[in-house]
Amino acid sequence: MKEISKNNIDSIDIKGFQDDLLCWFQAEQRDLPWRKDQDPYKVWVSEIMLQQTRVDTVIPYFHRFIEQFPTIKDLSEAKEEKVLKAWEGLGYYSRARNLQAAVREVHEKYGGKVPDTPKEISSLKGVGPYTAGAILSIAYGIPEPAVDGNVMRVLSRILSIWDDIAKPSTRKVFEAAVRKLISHENPSHFNQALMELGALICTPTSPSCLLCPVREHCTAFHEGTQLELPIKTKTKKQRNVQLAAAVLADNQGRILIHKRPEKGLLANLWEFPMVEINLAYVSEKEQMKDAFHTEYGAKIEIDEMTGQIEHVFSHLTWNINVYKGKIISVVKEEADLKLVTLEEIKEFPFPVSHQKMFKQFLDSKV
DNA sequence: CATACGTGGAT
DNA sequence: TATCCAAGTAT
């Protein structure tokens, strides 16, 4: 059935395809803040923020980030905590830390100029095949593929490519296709147009084929297979973790916060102390007092539960029972543990789940 | 290669 | 409500 369709890369009218695509992009492209100029730094920041993240979500973050860190030098010299605070709520926080590390490398090793070769730019932390191609093409006009989810969806339909786009190896198939199709006159607009088409017209569930500028070049449109493509296998389901957290105050009303480890989930963000709960055990409050003593060296008193938080990540779910309590003593006063006032707490980067937790705590006081 | 890594919006 | 997702990368 599917074998009937050839991958039409060799029969497609490449020049006609490029012209139709580029003409459409020229007329219909969205007015986005990172399209104001081609500053490689701003292109870079936008591409990192846009990884697995919607345009509408990114826009306000991009404005604030560029205002706070306008240049490579500014970001290089910033405290990591400030960078994470600027990233707070965007998710995938290693992006922010990798971006700063890479920007520092560019500042020191390349005199502040973002490198313009595939080899050099790909060696930077957080810059993978997609981002390397995006920066090279958009900022420097170099004809490199920038294959993201949009491009795979669009080209799977146009060229009738039935490979499973969930498999990492499949990206290479699309990169090879882009190398044949890309406009050498305008690689920047070509790559952006492919993505823009995926975002505006060639959407996952209901593509607007009748509005598509390249439908006459599209195998799927001719064969009516646009709703079957791309092929993407299911991901497996995630696990649950039961947790208990506590917003703990000392006798001056200061709150105890904890800095998460530098690797792994929500690395280097701050949180309210939290412990995993073992179901078949003594009461939750007793379990918490024990665990808080072991983990944080804190002697505490747990008062009432102020709420519950369910937080769904891409790969797991946190179910958190949130308590309020008092600090009797903190033995382990180290760098990852701080007592802060309600005013100071605003300066620290928290995951969204803990922002919600803090709101519940404030509400419970009135 | 498969899995970890966040979040909020769409259907 | 459940599922999938949105301009991916590191390990």
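Proteins get letters first, then strands, A, B, ... in listed order; numbering begins at 1 in each.
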Rounded distance in Å - CD1 (A:Ile165) to C1' (C:dG8): 13 Å
Each nucleotide in nucleotides 3-10 of chain B should get exactly one letter: B, S or -. Can you fill that in based on protein heavy atoms under 4.0 Å? SSBBBB--
Whole angstroms only, please: what is the CZ-P distance between A:Arg97 and C:dA10? 13 Å
Classify A:Arg30 by what it touches in the nucleic acid, base, sugar-phosphate, or nothing, heavy-atom distance under 4.0 Å. base
Hydrogens and angles aside, do A:Thr117 and A:Glu120 bring a side-chain donor and acceptor to less than 3.5 Å of each other? yes
B:dG6 to C:dT11 separation - P atoms, rounded to the nearest Å: 13 Å
Looking only at the side chains, is there a donor atom on one of A:Trp24 and A:Glu196 sitting less than 3.5 Å from an acceptor on the other? no
Rounded off to whole Å, could you give me the CD-to-P distance for the A:Glu47 and C:dT9 pair? 9 Å
Nucleotide C:dC5, atom P - distance to CG of A:Asp56 in whole Å: 19 Å
Using a 4.0 Å heavy-atom cut-off, does A:Leu99 contact any base of the nucleic acid, only the sugar-phosphate backbone, or nothing at all? nothing
Distance in angstrom units between A:Arg171 CZ and C:dA10 C1', rounded: 13 Å
Once you apply a heavy-atom cut-off of 4.0 Å, does A:Thr131 come out as touching a base, just sugar-phosphate, or nothing? sugar-phosphate
With a cut-off of 6.0 Å (strictly less than), are more than 12 heavy atoms of other residues, nucleotides or ligands near NZ of A:Lys180? no
Can the ring centroids of A:Tyr61 and A:Phe65 be said to lie less than 6.0 angstrom from one another? no
How far, in whole Å, is C:dA2 from B:dC5 if one measures between their P atoms? 24 Å
Can a donor-acceptor pair be found between the side chains of A:Ser314 and A:Gln238 at a distance below 3.5 Å? no
I want to know whether A:Phe25 and A:Phe190 have ring centres closer than 6.0 Å. no
Same-atom distance (P) from B:dC1 to C:dA6, integer angstrom: 23 Å
Rounded interatomic separation in angstrom, taking CG from A:Asp148 and C1' from C:dC5: 13 Å
DNA chain C: 5'-proximal contact among A:Lys232 and A:Leu124 (nearest heavy atom): A:Lys232
Does CD belonging to A:Glu304 count more than 12 external heavy atoms closer than 6.0 Å? yes
What's A:Val151 touching, base or sugar-phosphate or nothing? Going by heavy atoms closer than 4.0 Å. nothing
